[in-house]
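Ligands are counted one by one from 1 in listed order, and the atoms in each one are counted from 1 as well.
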Amino acid sequence: MDLPENYMQDRITDVGPPKYDDFWPEVIKKNYGQWKSHRILEPGVLVHVSETGDKVYTVRVAGTRIMSVLHIEDICKIADEYCGGFVRFTTRNNIEFMVDDKAKLEPLKKALEAKGNMPRGGTGAGITNIVHTQGWIHCHTPAIDASGIVKAVMDELFDYFTSMKLPAHLRISLACCLNMCGAVHCSDISILGIHRKPPAVEHSNLNNVCEIPTTIASCPTAAIRPYKDEAGNKSVQVNVERCMFCGNCYTMCPAMPLADGEGDGIALWVGGKVSNAKSAPKFSKLMVPFLPNEPPRWPSTVNTIKHVVEVYARDARPFERIGEWAERIGWERFFEKTGIEFGHHHIDDYRLAMTTWRTTPQFKF
Ligand code: SF4
Ligand code: SF4
């Protein structure tokens, strides 16, 4: 077949995402690199001031990670009517509407209030939206659900979203397995789904649906080796002693399912942060090694988180994040004040953990 002449001309293949500044409102474009300061006027309302004297007022409202099309349509209608067609989503899935004139602020706030499902908040010393992963709705390796737990937790803590009465910012995140698509390693409170049992192996199916060498290579601890069952099926075998229940093999091979009603559950972590303010960024530390998976409202998890938030709110000094508070009073006191049991699971036994251990006699009992 003859190819048409210049058939590749003007053909764009690897387009990638459109350039971000195509989506900026005019006032943001005009003041690029010239923003001087910003203030929070009230929970959920910010003002940014530019060197040029321009101001941008932002109204932040709660969003969700998984949204219905109808909800997105509502958001777009408000953006069209009040914000010149511009709207943005924050990294924690909040929605921000921006206007360049104070006179436009009140009508925007009223329109959002009238919707009833777009509460203002998520700024400053409060709890903003919980960032989370896919959970049962989408991913194949979750030990727990994501949006279900987030809804149950946030229903209890909602008052902290619309106010700024905590000592400092409090960031909560959830990842539904150790692969951790959520920011659980560096949030003030982290909810982490964990598996506690090795994958089952469906010998009769495995060779039909999986590539055995790739499956073996997928295991980070070299726990998988080739195997032939009694019926002569080519398959693999798991060395349970070496398995750390990461689920990598299941990603490669659907004949190695990992989910287990009893084995799967929640670990809670505490004290992480990304911010450089006051103290260096911190990794989260283990708080509760295991809580059962309790759909549809996960009461043990919700109550534990609520309790820790309340103790922190009472006890910490202004501007102290949870990790900073725990370090000031001592982690021994943290467990004492929160009443959370300290056990052998809290001691890091990773073979290279020595550098992270406290090696002074300065314990604070
Ligand atoms: Fe999937 Fe794990 Fe990511 Fe959850 S954290 S979405 S289970 S890979
Ligand atoms: Fe290896 Fe992880 Fe599969 Fe266990 S769960 S066998 S550690 S890949």
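- Residues N31 and T52 have side chains that bring a donor and an acceptor to within less than 3.5 angstrom of each other.
- Short contacts between ligand 2 and C243, defined as distances under 4.0 Å to a heavy atom of the residue, involve ligand atoms 4 (Fe), 5 (S), 6 (S), 7 (S).
- With a cut-off of 2.8 Å, atom 3 (Fe) of ligand 2 has no N, O or S atom of C219 in range.
- Residue contacts with ligand 2 leave out A222, since none of its heavy atoms falls under 4.0 Å from the ligand.
- Looking at atom 7 (S) of ligand 2, its nearest protein heavy atom turns out to be M244 N, 3.3 Å.
- With a heavy-atom cut-off of 4.0 Å, P198 does not touch ligand 2 at all.
- Taking Ile, Leu, Val, Met, Phe, Trp and Tyr as members and joining any whose side-chain heavy atoms lie under 4.5 Å apart, directly or through other members, the hydrophobic cluster of M354 also contains W357.
- Nearest protein heavy-atom neighbour of atom 1 (Fe) of ligand 1: C139 SG, 2.2 Å.
- Of all protein heavy atoms, the one closest to atom 2 (Fe) of ligand 2 is C246 SG, 2.3 Å.
- Listed by number with element, the atoms of ligand 1 under 4.0 Å from a non-hydrogen atom of T133 are 4 (Fe), 5 (S), 6 (S).
- C210 pairs with C253 as a disulfide, the SG atoms being under 2.5 Å apart.
- Nearest to atom 5 (S) of ligand 1 by heavy-atom distance, out of C177, A259, G193, is C177.
- For ligand 1, the atoms sitting less than 4.0 Å from at least one non-hydrogen atom of P142 are 7 (S), numbered in the order shown with element in parentheses.
- The aromatic rings of Y227 and H203 sit tilted relative to each other, their planes meeting at an angle between 30° and 60°.
- Using cut-offs of 30° and 60° for the angle between ring planes, the F283 and H185 rings count as tilted.
- Among all non-hydrogen protein atoms, the one lying nearest atom 6 (S) of ligand 1 is Q134 CG, 3.0 Å.
- When hydrogens are left out, the protein atom nearest atom 8 (S) of ligand 1 is C181 SG, 3.6 Å; that is the closest non-hydrogen contact.
- Protein heavy atom at the shortest distance from atom 3 (Fe) of ligand 2 is C249 SG, 2.3 Å.
- For atom 4 (Fe) of ligand 1, the nearest protein heavy atom (residue, atom name, distance) is C176 SG, 2.3 Å.
- At a 4.0 Å cut-off, at least one heavy atom of G247 sits close enough to ligand 2 to count as contact.
- Counting atoms of ligand 2 from 1 in the listed order, those under 4.0 Å from a heavy atom of I224 are 6 (S).
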